[in-house]
2 protein chains.
Amino acid sequence: MDSRHLHHFVALAETLHFGRAAARMNMSQPPFSRQISSIEKSLGVKLFERNSRNVTLTTAGEHFLHDSKAILAQFDAACRDVQLVANGMKGELKLGFMMHVANRVVPTLVRLYSEQRPDVRLILEERTPVDINEMLLEGALDAAITFAPLSAQHLRTISLTTDRLRLIVSAEHRLAGVESIRPSDLAGESLIAAPSHVAPTLRDAITGYCAAGGVPARFVLEPWLQHTIVRLVEEGLGIALIPEALCSETGPKVVSKPIVDSPEFEVALCAPLASRNPTVATLFDIAKAKRALFERR
Amino acid sequence: MDSRHLHHFVALAETLHFGRAAARMNMSQPPFSRQISSIEKSLGVKLFERNSRNVTLTTAGEHFLHDSKAILAQFDAACRDVQLVANGMKGELKLGFMMHVANRVVPTLVRLYSEQRPDVRLILEERTPVDINEMLLEGALDAAITFAPLSAQHLRTISLTTDRLRLIVSAEHRLAGVESIRPSDLAGESLIAAPSHVAPTLRDAITGYCAAGGVPARFVLEPWLQHTIVRLVEEGLGIALIPEALCSETGPKVVSKPIVDSPEFEVALCAPLASRNPTVATLFDIAKAKRALFERR
DNA sequence: CCATTCTATGCTCTCAAGGTATCGGTACTG
DNA sequence: CAGTACCGATACCTTGAGAGCATAGAATGG
């Protein structure tokens with residue numbers, strides 16, 4: 001029994017006529033008759049009641065017709081779907097990102113992608129930069145929006161936007177009134193930043209910026225999430241240098257200030273070069289075509 | 001593409017080794033390799049990434065594996081089911097009945113049948129005797145519990161029980177005190193009975209009984225349902241001769257009386273002799289084996 | 001660099017499956 | 001009632017899809 005037999009069976013069940021059913025199967029009646037009886041023999045079940053004048057389905061045949069149609073439909077669907085999956089029109093795409101650098105980029109990219117590939121299920125995974133790198137290596141992510149990596153020989157990378165640091169302080173802080181900030185302004189201040197094993201790019205940028213001004217960075221609190229950092233600054237527990245993209249979301253009790261000669265860091269779309277997931281290509285196509293939408297305003 | 005190809009594909013997807021997968025399919029490796037590439041060619045999709053050292057599924061292949069397993073499982077299930085249906089272990093059985101003669105018989109038979117054939121869906125159709133006969137002829141019912149038909153050459157019939165007539169009158173009626181009823185007692189009374197085109201057997205029995213006593217039957221009301229008849233008698237609008245089996249369900253305002261020399265009528269299980277529904281046989285087997293359970297107490 | 005392992009390919013052969021002709025049975029028709 | 005048309009089953013022949021064998025070619029490990 002294989003699916004071609006099912007086609008034969010359905011043809012006969014629908015026409016109730018050996019000759020016409022055989023024609024529909026592009027074959028002559030005698031071998032078609034043999035096919036039908038071989039089906040019945042292999043199932044051990046009589047599917048048709050027949051004599052030389054008319055053909056009718058048995059009760060078992062009626063049930064089998066129902067099942068057969070369902071199976072054939074599913075078969076067709078599977079063959080169509082596998083082609084869609086291969087073309088990246090359907091499937092799953094696991095996209096990692098860091099919201100604190102991508103709060104504008106991710107929603108836009110997701111919207112554009114969903115419009116173009118509605119049958120691809122986007123699985124969004126918000127993680128820390130270090131986690132994202134690891135997951136990209138392991139294949140646990142198909143792509144990610146993160147800081148442009150330094151060593152990218154195993155990654156395909158396309159730059160989406162750049163971000164820079166901005167100072168946030170409590171509204172009561174002495175720096176709240178200063179127009180723009182220089183490294184020397186940070187001398188003696190209590191800094192809040194994510195630890196190096198969570199967001200090395202940011203951490204290095206902050207440390208580097210202080211060092212450039214000859215000021216040693218003094219970190220008093222090291223939460224993992226950027227939103228926590230904002231809250232702690234709000235409470236007056238320290239000051240912080242955070243990505244500009246995040247500053248629009250701070251509350252009224254926090255003041256943000258531009259800093260002079262801020263280091264810039266790239267935010268990029270990355271995917272393993274070895275990725276076999278065909279849905280990824282479109283993501284890069286969109287990133288390239290609509291790059292203007294992601295750029296810093 | 002047919003289902004044997006799916007088996008090959010699944011074997012390889014599960015072993016990820018051409019030689020072992022071929023062995024599982026009871027064939028040698030070279031033709032197996034050709035089968036796999038013919039699948040890929042006919043789908044136009046690469047399902048495996050392979051070199052001489054290892055074999056892996058592509059993303060499309062993973063999806064297709066999932067679908068293929070589902071299809072093969074459904075295929076197996078369909079082949080098993082069609083055999084169950086042919087053996088009457090599974091399917092549907094449309095059973096017609098008249099509750100007013102079968103209020104004890106139907107629940108018992110249904111219970112016994114459901115215990116023995118849990119996968120057969122019993123579809124119960126409560127109809128008038130004439131409807132039932134018509135539906136049996138048309139094939140709209142697979143079997144029915146009804147009055148034993150007079151002409152049964154096209155029906156298989158097995159007697160389940162017999163019933164007889166009993167008089168019901170309102171508690172205030174002059175016959176309410178009489179011990180047992182003779183035809184002559186009915187002289188001049190207003191009778192209530194279902195019309196002949198609804199329940200000819202009952203109607204004829206009533207008319208015949210009156211005629212035997214030399215009393216013309218005078219029908220004043222002719223509802224279709226036996227329960228309606230009981231209600232009308234309860235309201236004092238007439239008297240009625242109804243099947244004994246129904247009398248236990250009358251309320252306190254109605255009195256039932258045995259009648260002398262009541263005609264008896266058989267209640268039987270009937271099915272078209274030409275019935276092709278294999279579930280019917282078991283129904284008759286039960287009716288025969290458990291006949292004692294259906295007999296009038 | 002050789003041995004080993006695994007997939008791909010070339011060649012041969014066989015049998016499953018298709019085609020043609022025809023039989024046997026049934027219903028309609030004049 | 002004979003004749004005809006139609007339909008499914010059977011007999012026989014034919015062919016090509018698919019199986020096996022031998023082996024090439026590629027990759028890995030010692």
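Order of the sequence lines sets the chain letters (A, B, ...), proteins ahead of strands, with each chain counted from 1. The basis for the numbers below is simple: all heavy atoms, side chains too, and nothing from hydrogens, waters or symmetry mates.
Salt bridge annotation for Glu134(A)-Arg127(A): absent, with no cationic side-chain nitrogen under 4.0 angstrom from a carboxylate oxygen.
Looking at heavy-atom distances under 4.0 Å, Gln35(B) makes contact with sugar-phosphate atoms alone, never a base. Residue Arg4(B) is in sugar-phosphate contact alone, with no base atom involved, counting any heavy-atom pair closer than 4.0 Å across all strands shown. Nucleic acid contact class of Arg53(A) (heavy atoms, under 4.0 Å, all strands): base. Within the 4.0 angstrom heavy-atom criterion, no nucleotide atom of any strand lies near Asn54(B).
Phe48(A) has its ring centre no less than 6.0 Å from the ring centre of Phe64(A).
Projected onto DNA chain C by closest heavy-atom contact, Asn51(A) and Gln29(A) fall at different nucleotides, the more 5' of which corresponds to Gln29(A). Residue Gly19(B) is the one, among Arg34(A) and Gly19(B), whose nearest nucleotide of DNA chain C lies closer to the 5' end (criterion: closest heavy atom). Toward the 5′ end of DNA chain D lies the nearest nucleotide of Ser52(A), the other residue of the pair Phe32(B) and Ser52(A) mapping further downstream.
Looking at Pro31(A) and Arg34(A), their side chains come closer than 4.5 Å, going by heavy atoms from C-beta outward. Phe97(B) has its side chain out of reach of Val105(B): every pair of non-hydrogen atoms, C-beta onward, lies at least 4.5 Å apart.
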Given the rule in the side-chain hydrogen bond (donor to acceptor under 3.5 Å, both in side chains) test, do Asn277(A) and Ser275(A) qualify, once you have shown the distances and angles that lead to the verdict?
CA-CA 6 Å; Asn277(A) 190 333; Ser275(A) 171; 5.9 Å; no
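If you take CZ on Phe32(A) and CG on Asn26(A), they are separated by 11.5 Å, rounding to the nearest 0.5 Å. Note that the OG atom of Ser42(A) and the NE2 atom of His5(A) stand 6.5 Å from one another [nearest 0.5 Å].
Here chain B contacts DNA chain D (any atom closer than 4.0 Å to a heavy atom, that is under 4.0 Å), and the contacts span dG18(D) to dT28(D) from 5' to 3'. Mapping heavy-atom proximity under 4.0 Å, the span of DNA chain C touched by chain B runs 5' to 3' from dT5(C) to dC11(C).
A donor-acceptor contact shorter than 3.5 Å links the side chain of Arg117(A) to the backbone of Gly88(A).
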